[in-house]
Protein chains: 2
Amino acid sequence: MKNVVSLKSLAKELNISVSTVSKSLNDSEEISAQTKERVKNLAKLRGYSPNPIAVRLQKQETMQIGVIIPNIENPFFASVLKGIDEIVSTSKYNIITFFSNESLEKEKECLDHFSRGNVDGILICIAEETNKKKTFDHIIDIKQKGIPLVLFDRIPMQPLGFDVVHVNDYDSIVSAYEYLEEKKCKNIAFVSSIPTLIVGRLREDGYLSKAKNPIVIAYEELSELQLTLQESLKEGKIDGLISADINATLLCNSAIQKQGLTYSNEISLIGYVNAAQNELSYPKITSIDQHPEEIGRQTAKALLLRLESKLENVPVNDIVLNTTITIGETSV
Amino acid sequence: MKNVVSLKSLAKELNISVSTVSKSLNDSEEISAQTKERVKNLAKLRGYSPNPIAVRLQKQETMQIGVIIPNIENPFFASVLKGIDEIVSTSKYNIITFFSNESLEKEKECLDHFSRGNVDGILICIAEETNKKKTFDHIIDIKQKGIPLVLFDRIPMQPLGFDVVHVNDYDSIVSAYEYLEEKKCKNIAFVSSIPTLIVGRLREDGYLSKAKNPIVIAYEELSELQLTLQESLKEGKIDGLISADINATLLCNSAIQKQGLTYSNEISLIGYVNAAQNELSYPKITSIDQHPEEIGRQTAKALLLRLESKLENVPVNDIVLNTTITIGETSV
DNA sequence: CTGAAAGCGCTTACAG
DNA sequence: CTGAAAGCGCTTACAG
């Protein structure tokens, strides 16, 4: 039941050679208008479409872009992927998705698979474990294979020699801090469930650069974070919270509510959220918007640029995007 | 800088034929142990790995599975995709992801692309628009192409002749209704932002089968839904809410809070949520868990089964999974 | 046990 | 303007 229409079958039916059929369909200058016409008509009639695998073998291109996402259940990454798809789907490439599930081992396997000739280019956000262990050799190795690679969101401190796309995490938190200051907050604490992630560190640094008497509440273990947070709020000193990630934001709001605090002069909250969900939630939280789809689009564009201009000496690009603050109901 | 190690280069270096090299690496019985040894050693030394495109062309398999997701920003689908990945990543296949963004047109393009020899099998959840217009010809056409296809979640009323994986939406709501009855709710309303989706209709039907004096609040337009919902709550009659989708659930909770109602004898809420986010939210909403990852796993398994047993006469599978109720803080 | 040949479905110099 | 030939990198009957 497979598609049996091939160049060969068309050629036989038309009593001409395979090369002529191929050239006709590719609109080669070499072929007469009349022959092209005949070939194209029959091709359409028979529903011919070229075997993509054969074309790829011939062209020595896979027409595939490999994407490695740490965790697709994180809405930030889901939106980034959507942005990537938006750009890639207008190109000749397909997206092969892999999920590292934050595991270094899995990430290595993915890159290994990609580098065995399965993709023409790679888009990757490194896993949490990779981030912690600071093991980047498997990524650097890709350079030797000559496969263009673009890193997004979690960017190692030391440059690896690849294009990168990210937001300015440091400045984002500085802006958030300044925003809360405008709202007359005096004791602003920083809450994070990602203290070891690169982006988490940058955000913390941004906070520390502003706070005179810093209060950092940071645990990876959510239950621990929750407990400590509740304790800290009980003391009644804190009147502003900046949360460094989606989970921390949810816990902050939850702790505030449970404490019976109200979003007024009593306390304010700003943090990272899942934008779509936040829009409908109560209270709608004042948030730092990273514009994840835009990150995805820029990442994909950066790769396509490398793929199209085969120039090896294009300098490495460091693309920094701006975050914005979306006012909600948790800062009055 | 491309990988220049090929069967040919190995053969030349060993002074034997390409066929012998190929057979050795594939552990053919025909080849002497000694030769195999030599070949494998050199292959390892040179870091040889077979060109996947060439293998595919030869084997007449793409080793790719095409997945069409209506909206990756919906956490339900993100989790389904994770489940799919979990199973597929243990097979020889790769996942090609496409997002229809709920558009029939885009969906057609995806299927068209897939059917041009780009994938060996297809996993699809139909777009909202497809669902509404009840246009399924582009899906049915896939059967003629001989490409196995499995539908998940949104399953057309009339069987299309493909394997399907879904939950029992009707029964889920019946259970939810019965649960609220146990909690002494007397006036249970049904709130939906997906009145025209198949799953939305089934859920509504489940509700209608139980309610004596049904109150259905259903609008696709979220602002309209929100308004009507607030009006209805103001009347003070409703003491139980069943929400048919994530957005409706968020709006219900938001409306309840704004109304100043408390989750006690006053009112209860049960509905669909984003499980990960709900876990950390306040209040934690009592929810109907569809186990999306399991849906993904089952969907992928169903396809792999078809792909492996080339038998055409395997009867069509209708896999129905159970939902469960997770007790939260919105039903006391 | 090894290798030459054909073939998977295409494209593209090159001859005529 | 058309076609035969070689080749992309493999696999696999078939001969020897």
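Below, each value reflects all heavy atoms present in this structure, side chains not excepted, and no hydrogens, waters or symmetry copies. Throughout, protein chains are lettered first and strands after them, A, B, ... in sequence-line order, and every chain is numbered starting at 1. The shown structure was predicted, so the numbers you read here are calculated from the model rather than taken from an experiment.
The CG atom of B:Leu14 sits 10 Å away from the P atom of C:dG3 (whole-angstrom rounding). When the C1' atom of D:dT2 is taken as reference, atom CG of A:Leu10 falls 17 Å away, rounded to whole Å. With rounding to whole Å, B:Leu25 atom CG is found 15 Å from D:dT12 atom C1'. Per the geometry, CG belonging to A:Leu7 stands 12 Å off P belonging to C:dT12, to the nearest Å. When the P atom of C:dT11 is taken as reference, atom NZ of A:Lys8 falls 15 Å away, rounded to whole Å. If you measure from atom CD of B:Glu29 to atom P of C:dT2, you get 14 Å, rounded to the nearest angstrom. The interatomic distance linking B:Lys59 (NZ) with C:dG9 (P) rounds to 16 Å, in whole Å. Between the CG atom of A:Asp120 and the C1' atom of D:dC8 there is a distance of 15 Å, rounded to whole Å.
Smallest separation of non-hydrogen atoms from B:Pro50 and B:Val55: CB-CG2, 4.1 Å. Pairing each heavy atom of B:Gly161 with each of B:Val316, the nearest pair is O-CG2, 3.4 Å. Of all heavy-atom pairs spanning B:Pro52 and A:Gly117, the tightest one is CG-O, 3.3 Å. The two residues B:Pro148 and B:Arg306 make their nearest non-hydrogen contact at CB-CB, 4.0 Å.
Between the B:Asn131 side chain and the B:Ile198 main chain, a donor and an acceptor come within less than 3.5 Å of each other. Checking side-chain atoms of A:Asn74 against main-chain N and O of A:Phe76 turns up a donor-acceptor pair under 3.5 Å. Listed for the B:Asp120 side chain is a donor-acceptor partner under 3.5 Å among the backbone atoms of B:Thr62.
Of the side-chain N and O atoms in A:Asn51, none sit less than 4.0 angstrom from OP1 or OP2 of C:dC8. Residue A:Tyr48 places at least one side-chain N or O closer than 4.0 Å to OP1 or OP2 of C:dC10. A sub-4.0 Å separation between OP1 or OP2 of C:dG9 and a side-chain N or O of A:Ser22 is absent. Regarding contacts with the backbone of D:dG9, a side-chain N or O of A:Gln60 is found under 4.0 angstrom from either OP1 or OP2. Contact check, B:Ser17 against C:dA4: no side-chain N or O comes under 4.0 Å of OP1 or OP2.
Checked by distance alone, A:Gln58 brings no side-chain donor or acceptor within 3.5 Å of a matching partner on the base of C:dG9.
Between B:Lys132 and B:Glu129 there is no salt bridge, since no side-chain nitrogen of the basic residue lies less than 4.0 Å from a carboxylate oxygen of the acidic one.
Side-chain contact check for A:Asp85 versus B:Thr97: every heavy-atom pair is 4.5 Å or farther apart.
Taking atom P on both D:dC1 and C:dC10, the two are 25 Å apart, rounded to the nearest angstrom. Using atom P as the reference point in both D:dG9 and C:dT2, the two lie 25 Å apart (nearest Å).
Checked against C:dG9, D:dA4, C:dA4, the side chain of A:Ser19 finds its nearest nucleotide in D:dA4.
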- Message: Under the criterion side chain to side chain contact (heavy atoms under 4.5 Å, CB included), I'd like the reasoning laid out for B:Leu25 against B:Tyr48: C-alpha separation, chi angles, the key distance, then a yes or no.
- Response: CA-CA 10 Å; B:Leu25 293 174; B:Tyr48 171 76; 3.6 Å; yes

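Contact annotation for B:Thr35: backbone-only contact, meaning every heavy-atom pair under 4.0 Å involves sugar-phosphate atoms and none involves a base. Residue contacts shown for B:Ser32 are limited to sugar-phosphate atoms, with no base heavy atom under 4.0 Å away. Within the 4.0 angstrom heavy-atom criterion, no nucleotide atom of any strand lies near B:Ile53.
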Enumerate donor-acceptor pairs with a distance under 3.5 Å from any side-chain N or O in residues 98-105 of chain B to protein atoms, sequence neighbours excluded.
unit_1   : atom_1 : unit_2   : atom_2 : d
B:Ser100 : OG     : B:Glu102 : N      : 3.3
B:Glu102 : OE1    : B:Glu128 : N      : 2.7
B:Glu102 : OE1    : B:Arg154 : NH1    : 2.9
B:Glu102 : OE2    : B:Arg154 : NH2    : 3.2
B:Ser103 : OG     : B:Glu105 : N      : 3.2
B:Ser103 : OG     : B:Lys106 : N      : 2.9

Report each atom pair, protein N/O against N/O of nucleotides 14-16 of chain D, whose distance is under 3.5 angstrom.
unit_1 : atom_1 : unit_2  : atom_2 : d
D:dC14 : N4     : B:Glu30 : OE1    : 3.4

- Query: So what's the dot-bracket for DNA chain D: Watson-Crick or G-U pairs under 3.5 Å, [ ] if a pair crosses, | if it pairs off-strand?
  - Reply: |||.||||||||.|||

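When the nearest nucleotides of DNA chain C are assigned to B:Leu57 and B:Ile31 by heavy-atom distance, the more 5′-ward of the two goes with B:Ile31.
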